[in-house]
Amino acid sequence: MAQAAQLPIISHYTAYKPRPFTREERDSATILYGGLTWKHERLMQGALHNMKYKAEPLPNIAREDLDAGKELIDVGACCPTIFTTGSLVNVLKKEVKEHGKDEVNRKFVYLTAGACGPCRFGQYHESYAMALDGLGLRDFRLFLLAQDELDQGPGNGGGLDINMPMSLGLIWSILCGDLVTDLEYLTRPYEVNPGQTELVLRECVEQLYNVFLHRPDRGKKYKTLAWHLMSKYFTSALRDVRKKWDEIEVDHLRVKAKVKITGEFWLQTHEGEGNYNIKRWLEQEDSEVVPPPVAVWLHYLMHPTIRKLEHRNSTSKHPKVESLALHALERIYRGTYNRFRKALANLPHELPDQEELKRLAEPFYHFELRGGEGHMLIGKALHSYHHKTAHMICELSPYSCMPNTMSVGSMANVVGKYPDLLYAPIEVKGDAEVHALSRCQMILTEAKKRAQAEFDGVMKKTGLSVERIRKYEAKHPELRKATYCVPHRGYVGTAANYVMHLACDKGLARA
Ligand code: SF4
């Protein structure tokens, strides 16, 4: 009888499962997190410290993180995955060197956002797990924070209780982080004393950190929700920020090209080497950057559920009631953001209407195509074009990102239909800076010409001169304060709107 062939031993894939993080460990283990700007992360730290967690943001992404990530994860990974994994790897390597593996496994846990869906975002944790394997740290614990549940409860050992007060603290800190970031980018290009915006910004962020640190405890569920929505605690803190911001002197007559940043979530939010420091570079190149708030993404996340309920594809027994509740929630969300904006003299930009973004993008990109920022990249570019809020769009596309490739492809169609829309898609690999920036510069040159032509046109139309405006400003010093809100008067550039505002609203043209 022929001998049976020996079957190969199959080693099945086992997904990473973290060891429990217990309630008792909460006082000794530090939660690491990252992925946003230093401002958002500092305010989130305040919210976490308030909940008695030890929490530390990872250092800002650096070029070395790309190399560390490339070494340990899949070759085909998208650039944000490589950077963020590399960042965690470099921190853990350093800690292991100083304290040993057991101590690192005991002393730290990593908290990151999770999701499912077609892009690699849903698989980030697998990349982290792969890197942990490579480092011999399979016992290190990383946890996912679902983006669509405010009350996930105490999971896996009870050390991390993702409850309503924690989620609201984190969301509110993100909203405040967005608003101060918006103020920063609105002000710095026009500051008269170089470096003053940065100094005031740092003071304000520390002040807000303390506001989150001392946030009062208002119970676990709906009481805390009601308090967050109605309390004046945050608006009065933001009014204090506004008072500090008042100290910054600005010159709104500087002609700048306005550049709206869009693109993949992580790349567009990041400020540092992960995107070639492109926002700072654009400012050095005489632009005013319009940064993307994280709040737009959170708002976007509500919409698939709303649509599902509207189409009754949901498993819900009461789709109509739930849809109404979600619409109400959406109004409350925008209302909260606007309340915070009002405390800051309405300077930060308003959140775009998600329905409008969807409608604008619809002929080019179907809103049901999820992954990355979905239809929003098209929607935001067209929103900006129609509302005249930027001279050009700089879209940051990560190397090896499927959803972004689709959006850049669709933008070819958009640009065909709107030939005067200035659009610079920048592929970011992390190590091709000169190529990316020179590509951006080509479009920026055209944007700067448009900003100058627009300004010259307004000066001519109003008959005003710079000397005359300066004299008027000397008598009205409030015009030179960073908190002075230059209204939109139908132009893109700040300087052009400012002159038009002085001419029409202040009567300077007739004087
Ligand atoms: S959107 Fe693109 S870059 Fe971002 S996580 Fe998904 S695949 Fe990666």
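Start at 1 and go down the list; that is how both ligands and their atoms are numbered.
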Exercise for review: Show your reasoning for whether side-chain hydrogen bond (donor to acceptor under 3.5 Å, both in side chains) applies to Arg341 and Asn338.
Suggested key: CA-CA 5 Å; Arg341 284 179 57 240; Asn338 283 336; 2.9 Å; yes

Going by the order shown, which atoms of ligand 1 are within less than 4.0 Å of some heavy atom of [X]?
X	answer
Pro398	3 (S)
Pro80	3 (S)
Cys78	3 (S), 5 (S), 7 (S), 8 (Fe)

Exercise for review: Indicate the atoms forming the closest heavy-atom contact of Asp65 with Asn60, along with that distance.
Suggested key: OD2-O, 4.3 Å

Check your understanding: Aromatic ring centroids of Phe108 and Phe140 under 6.0 Å?
Key -> no

Exercise for review: Report the C-alpha distance between Trp266 and Phe83 in whole Å, list the side-chain angles of each, state the deciding distance to 0.1 Å, and finish with yes or no for ring-ring contact (aromatic ring centres under 6.0 Å, His included).
Suggested key: CA-CA 10 Å; Trp266 181 82; Phe83 264 120; 5.8 Å; yes

Check your understanding: Do you see an N/O/S atom of Cys401, backbone or side chain, under 2.8 Å from atom 8 (Fe) of ligand 1?
Key -> no

Check your understanding: Side chains of Glu373 and Thr262: do they bring a donor and an acceptor to under 3.5 Å?
Key -> no

Exercise for review: Would you mind naming the N, O or S atom of Glu264 nearest to atom 4 (Fe) of ligand 1?
Suggested key: OE2

